[in-house]
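Have a look at the structure below, then the notes.
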Amino acid sequence: MTAKDLSLGLIIIFAWGFNFVVIRWGLDAMTPMMLGGMRFLVLALVGCFFFARPKTPLKWCLLYALSLNFGQFAWLFCAMTFGMPAGLASLVLQSQAIFTLIFSVLLLKETVRPYQILAVTIASGGLAIIGAAGEDTSMTVLGFILTLAAASSWALGNITTKAIIQKGYQADLSLIVWSAGIASVPFFITSYFVDGPELMWSNLKDINWSTVAVLGYLALFATLAGYGLWSQLMSRYSAGTVAPLSLGVPVVGLTSAALVLNENISHQQWVGILVVLLGLMLNTFGGRLRHAQPKIRT
């Protein structure tokens with residue numbers, strides 16, 4: 001990877017890691033459902049001018065929007081509202097790799113390698129260590145469980161994406177943009193019944209420039225620009241070269257949350273974090289280690 005492309009990759013990782021701090025700021029101004037609805041509405045309204053409507057059938061667009069967009073972020077925003085620190089959220093959400101592996105076996109009948117089983121076991125153990133900290137820290141059990149629900153929704157979105165590609169349709173930025181418009185609908189409907197019309201109107205009426213900046217970051221920088229640049233890197237290099245960069249997301253998330261939001265992490269949680277990262281690294285690099293052949297000198 002060239003120095004320029006590596007710099008782009010680092011910019012993406014910073015954007016995605018710092019994204020959790022920005023979400024925290026957004027939740028201070030809006031309810032979870034309104035923040036989610038406005039994020040995807042802004043993305044759809046801006047993106048539709050630059051990307052044509054995808055040829056993917058409506059059924060698959062709905063599944064994509066409900067799992068990857070609505071499901072993931074509805075649970076995540078609720079988790080951070082009910083006691084999940086931003087930094088830990090950036091790490092626990094990466095458990096989507098575990099859920100994706102499990103769902104790919106159950107739904108797509110894919111084969112699991114021994115190193116993947118070991119990786120899932122290690123990462124699951126790390127999550128158990130983090131979850132066991134519970135109420136003794138700033139993290140609540142409810143927030144932790146809701147974050148796992150967000151990760152499982154992300155995983156279902158990954159499975160949907162695989163199915164879309166297998167059927168010969170594109171799963172690119174056009175799908176992300178146009179499915180965002182679909183996802184905004186259940187967010188606003190849920191907000192109507194959970195928040196009530198008065199609170200919904202209050203959220204809209206009280207939008208200021210800082211809230212606009214938050215929505216712009218979430219919709220345009222973290223999503224549109226982030227995934228656009230990521231797609232460029234994936235088109236130039238192998239997945240094995242680009243994918244490991246995503247391991248930097250929780251590192252940036254934890255660091256930025258500590259520096260900007262003054263979040264504290266207990267010793268037990270740090271142990272769990274390191275164990276989870278070990279599992280994720282094994283899942284990412286295990287295939288390379290498996291195929292590596294030692295050189296024998298004669």
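Note: hydrogens, waters and symmetry copies are ignored here, and every other heavy atom, side chains too, is used. If you read the sequence from its start, that first residue is 1, and numbering goes on from there.
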Heavy atoms, side chains only, cut-off 4.5 Å: are [X] and [Y] in contact?
X	Y	answer
Val252	Trp16	no
Met34	Asp195	yes
Leu173	Phe50	no
Trp25	Ser210	no
Val42	Leu218	no
Leu148	Leu127	yes
Pro250	Leu277	yes
Ile130	Leu91	yes

Within this structure, what is the [atom1]-[atom2] distance for the pair [X] and [Y], rounded to the nearest 0.5 Å?
X	Y	atom1	atom2	value
Met84	Ile23	CE	CD1	12.0 Å
Thr160	Trp60	OG1	CH2	6.5 Å
Phe99	Trp154	CZ	CH2	12.5 Å
Ser153	Gln96	OG	CD	11.5 Å
Lys162	Glu110	NZ	CD	4.0 Å
Ile98	Gln116	CD1	CD	12.0 Å

**Q.** Donor-acceptor side-chain pairing of Arg39 and Thr223 below 3.5 angstrom
**A.** yes
Q) Between the side chains of Asn208 and Thr211, is a donor N or O closer than 3.5 angstrom to an acceptor N or O? A) yes
Between [X] and [Y], what is the shortest heavy-atom contact and its length?
X	Y	answer
Leu43	Ala219	CD1-O, 3.4 Å
Val251	Thr255	O-OG1, 2.8 Å
Gly83	Pro85	O-CD, 3.4 Å
Ala29	Asn203	O-ND2, 4.3 Å
Asn69	Ala183	CB-CB, 3.5 Å
Gly143	Ala79	O-CB, 3.4 Å

Q: Any chance you could lay out the side chain to side chain contact (heavy atoms under 4.5 Å, CB included) test for Leu175 and Ile164, step after step, and finish with the verdict?
A: CA-CA 10 Å; Leu175 179 62; Ile164 290 173; 3.9 Å; yes
Q) Would you call the rings of Phe18 and Phe14 parallel, tilted or perpendicular, where under 30° means parallel and over 60° means perpendicular? A) parallel
Give a yes or no on whether [X] and [Y] share a hydrophobic cluster (residues Ile, Leu, Val, Met, Phe, Trp, Tyr; joining criterion: side-chain heavy atoms under 4.5 Å apart).
X	Y	value
Val194	Tyr192	no
Leu282	Val271	yes
Phe188	Val214	yes
Ile182	Tyr169	no
Leu199	Leu204	no

Is the side chain of [X] donor-acceptor paired with the backbone N or O of [Y] at a distance under 3.5 Å, no angle test?
X	Y	answer
Ser202	Glu198	no
Ser191	Thr31	no
Ser90	Gly87	yes
Thr161	Gly157	yes

Q. Taking the six-membered ring for Trp, are Phe40 and Phe73 ring centroids under 6.0 Å apart?
A. yes
Q.
Quick check on the 6.0 Å ring-centre criterion: do Trp178 and Tyr64 meet it?
A. no
(Q) Between Val177 and Tyr227, is the side chain to side chain contact (heavy atoms under 4.5 Å, CB included) condition met? List the steps. (A) CA-CA 11 Å; Val177 166; Tyr227 282 103; over 6 Å; no
Q.
Run Met33 and Cys78 through side chain to side chain contact (heavy atoms under 4.5 Å, CB included) and show every step you take.
A. CA-CA 8 Å; Met33 296 302 109; Cys78 286; 3.6 Å; yes
**Q.** Candidate pair Gln269 and Met139, rule side chain to side chain contact (heavy atoms under 4.5 Å, CB included), full reasoning
**A.** CA-CA 10 Å; Gln269 288 174 328; Met139 181 193 75; 3.9 Å; yes
Q. Salt-bridged, Glu263 to Arg24, with N to O below 4.0 Å?
A. no
